[in-house]
Amino acid sequence: MARVWLIRHGESESNAGLPGGEPGASALTGLGRRQALEVAEALAEPPRLIVTSPFLRARQTAEPTIERYPGADCEEWPVQEFTFLGELHGQVTTTAIRKPYTEAYWERADPHHAVNGAESFAGLFTRTQEFLTRLGEREPGPIAVFTHGLFIRAVMWSLLTGITIPDSEAMRGFRTFADTYLVPNGNITELRYTPGKRIPRVVVPLASRFAGR
């Protein structure tokens, strides 16, 4: 059985409503750094492996845990956030500016839609399956994965529904799930599942005391 801590990064400048450009460049705020420290303190035992997204905010969130557990292996995997607004790439925007584009994207419900280097919804689910396969190839033991909100939701939803190749109906279903299954900044979700079996045995959200503040 695999035991995995799916950890959403701490609050980023983008989460705080500040303007930003490239999706992977948003840094942690002061609150986000406190959440990162809280995550490191909350892990009850040393992880065997620490995995980080290539995005800056996830790597910064992992830093206190890496410092606390120097004996853990560290690897970077493609567990970055789902970035689908290709029409805004290269522009400085805020959450408020992106909102109508986000709504239009989900209303389109086209799992293969992608422009200007953005990732398609189908591509996101390809990454979730590759991630789960990779986990199944590792030795048993706690693995701490510093990742992002939509990616965590995609992993959980795929496990719970068995959907690996989404169509338009599945995309609409995921949107509903993502709007109701909250993953605050600094949240830890412990996942225990047996590779090859669809339903996770245990899913335990462990929210940071800083989460949502």
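All values below come from the heavy atoms of this structure, side chains included, with hydrogens, waters and symmetry mates left out. Nothing here was measured: the structure is a model prediction, and the numbers come from that model.
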Looking only at atom types and distance, does a side-chain atom of [X] sit under 3.5 Å from a main-chain N or O of [Y], one as donor and one as acceptor?
{"X": "Q35", "Y": "E11", "value": "yes"}
{"X": "T29", "Y": "S12", "value": "no"}
{"X": "T133", "Y": "Q129", "value": "yes"}
{"X": "H89", "Y": "N116", "value": "yes"}
{"X": "T128", "Y": "A154", "value": "no"}
{"X": "R153", "Y": "F177", "value": "no"}
{"X": "T61", "Y": "G10", "value": "yes"}

Of Q60, R59, R57, E81, the residue whose pairing with H9 passes side-chain hydrogen bond (donor to acceptor under 3.5 Å, both in side chains)
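The passing option is R57.
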Hey, could you give me the [atom1]/[atom2] distance between [X] and [Y], rounded to the nearest 0.5 Å?
{"X": "L56", "Y": "L28", "atom1": "CG", "atom2": "CG", "result": "7.0 Å"}
{"X": "E63", "Y": "T52", "atom1": "CD", "atom2": "OG1", "result": "9.5 Å"}
{"X": "L43", "Y": "Y69", "atom1": "CG", "atom2": "OH", "result": "5.5 Å"}
{"X": "R134", "Y": "E75", "atom1": "CZ", "atom2": "CD", "result": "6.0 Å"}

So which atom in [X] and which in [Y] form the shortest heavy-atom distance, rounded to 0.1 Å?
{"X": "S168", "Y": "P111", "answer": "OG-CD, 3.8 Å"}
{"X": "H148", "Y": "A58", "answer": "NE2-CB, 3.8 Å"}
{"X": "S14", "Y": "R98", "answer": "OG-NH2, 2.9 Å"}
{"X": "W5", "Y": "E45", "answer": "CH2-O, 3.5 Å"}
{"X": "C74", "Y": "L49", "answer": "N-CD1, 4.3 Å"}

Take T176 and D179 through the test side-chain hydrogen bond (donor to acceptor under 3.5 Å, both in side chains) and record every step on the way to the result.
CA-CA 5 Å; T176 300; D179 285 345; over 6 Å; no
Compute the ring centroids of F125 and F121, then answer whether they are less than 6.0 Å apart.
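Under 6.0 Å, so yes.
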What class does the angle between the rings of F131 and W77 fall in, given that below 30° is parallel, 30 to 60° is tilted and above 60° is perpendicular?
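Rings of F131 and W77: perpendicular, over 60°.
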Quick check: is F82 connected to F55 through a chain of hydrophobic side chains (ILVMFWY, heavy atoms under 4.5 Å apart)?
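No, separate clusters.
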Do you reckon L85 sits in the same ILVMFWY cluster as V115, going by side-chain contacts under 4.5 Å, direct or chained?
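Per the 4.5 Å side-chain linkage, L85 and V115 are not co-clustered.
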